Amino acid sequence: MKQKIVMRVQMSCQKCRTKALMLGAAANGVNFVGLEGESKEKLVVIGDGVDAVKLTNSLRKKVGQTDIISLAEVKAS
């Protein structure tokens, strides 16, 4: 089941954004990681079997305050 996770991460500098992207890419089953929003505060992770809670806790520990905005299944086209 492929899913799309959108999280709001408190990132104050470019180094924090890079760290958040690297942590997202290192998670098991991730196919795509990117930043969205006007100030690039939303981290988007798309993958198969990604543990959203584990990823959120890891981001909170290493980067800063993290909240899950949405978790949705991606339809295969």
Side-chain angles (χ1 to χ4, degrees):
M1 174 180 85
K2 205 169 195 179
Q3 57 188 0
K4 179 180 180 181
I5 307 164
V6 181
M7 296 177 274
R8 181 178 296 121
V9 184
Q10 184 176 352
M11 299 177 279
S12 57
C13 61
Q14 185 61 37
K15 185 177 177 182
C16 297
R17 288 183 184 92
T18 304
K19 188 182 271 191
L21 286 170
M22 289 179 70
L23 283 169
N28 284 342
V30 173
N31 296 333
F32 172 81
V33 179
L35 295 173
E36 283 185 353
E38 287 183 28
S39 60
K40 305 290 185 192
E41 78 281 1
K42 294 179 184 174
L43 181 71
V44 178
V45 178
I46 299 175
D48 191 24
V50 180
D51 188 355
V53 175
K54 195 173 184 181
L55 181 57
T56 302
N57 287 335
S58 178
L59 285 165
R60 282 181 184 160
K61 185 184 277 187
K62 306 262 176 149
V63 180
Q65 179 61 36
T66 305
D67 299 314
I68 297 175
I69 296 174
S70 69
L71 181 66
E73 184 177 342
V74 176
K75 304 287 183 193
S77 52

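Any value given below was found using the heavy atoms of this structure, including those in side chains, with hydrogens, waters and symmetry copies removed. Numbers here simply count residues along the sequence, with the first being 1. Predicted model only: the values in this text are computed from it and were never measured.
Side-chain atoms of Gln3 and Val74, non-hydrogen and from C-beta on, never get closer than 4.5 Å to each other. Here the side chains of Arg8 and Thr66 are not in contact, with every heavy-atom distance at 4.5 Å or above. For the pair Leu35/Leu43, a side-chain contact is recorded, criterion being any heavy-atom separation below 4.5 Å from C-beta on.
Using a 4.5 Å cut-off between side-chain heavy atoms of Ile, Leu, Val, Met, Phe, Trp and Tyr, with links allowed through other members, Val30 and Leu59 fall into the same hydrophobic cluster. In this structure, Leu71 is not a member of the same hydrophobic cluster as Ile46, with clusters built from ILVMFWY side-chain heavy atoms closer than 4.5 Å. Under the 4.5 Å side-chain heavy-atom criterion for ILVMFWY residues, no single connected hydrophobic cluster contains both Ile69 and Val45.
Remark: Asn28 CG is loosely packed, at most 12 non-hydrogen atoms of other residues, nucleotides or ligands lying under 6.0 Å away.
Under the 3.5 Å distance criterion, the side-chain polar atoms of Asp48 are matched with a main-chain donor or acceptor of Met1.
The CG atom of Asn31 sits 13.5 Å away from atom NZ of Lys4, with the distance rounded to the nearest 0.5 Å. Note that CG of Leu21 is 10.0 Å distant from NZ of Lys40, once rounded to the nearest 0.5 Å.
Closest approach of Leu55 to Ala27, counting heavy atoms only: CD1-CB, 4.2 Å. Across Ser58 and Leu23, no two heavy atoms sit closer than the pair OG-CD2, 3.8 Å. Across all their heavy atoms, Val50 and Ile5 have their closest contact at CG1-CD1, 3.8 Å.
The side-chain hydrogen bond (donor to acceptor under 3.5 Å, both in side chains) search around Glu41 returns Ser39, not counting sequence neighbours. Every residue meeting the side-chain contact (heavy atoms from CB on, under 4.5 Å) condition with Asp67, not counting sequence neighbours, appears here in chain and number order: Arg60, Gln65.
If you run side chain to side chain contact (heavy atoms under 4.5 Å, CB included) between Val63 and each of Lys19, Gln10, Met22, only Lys19 comes through.
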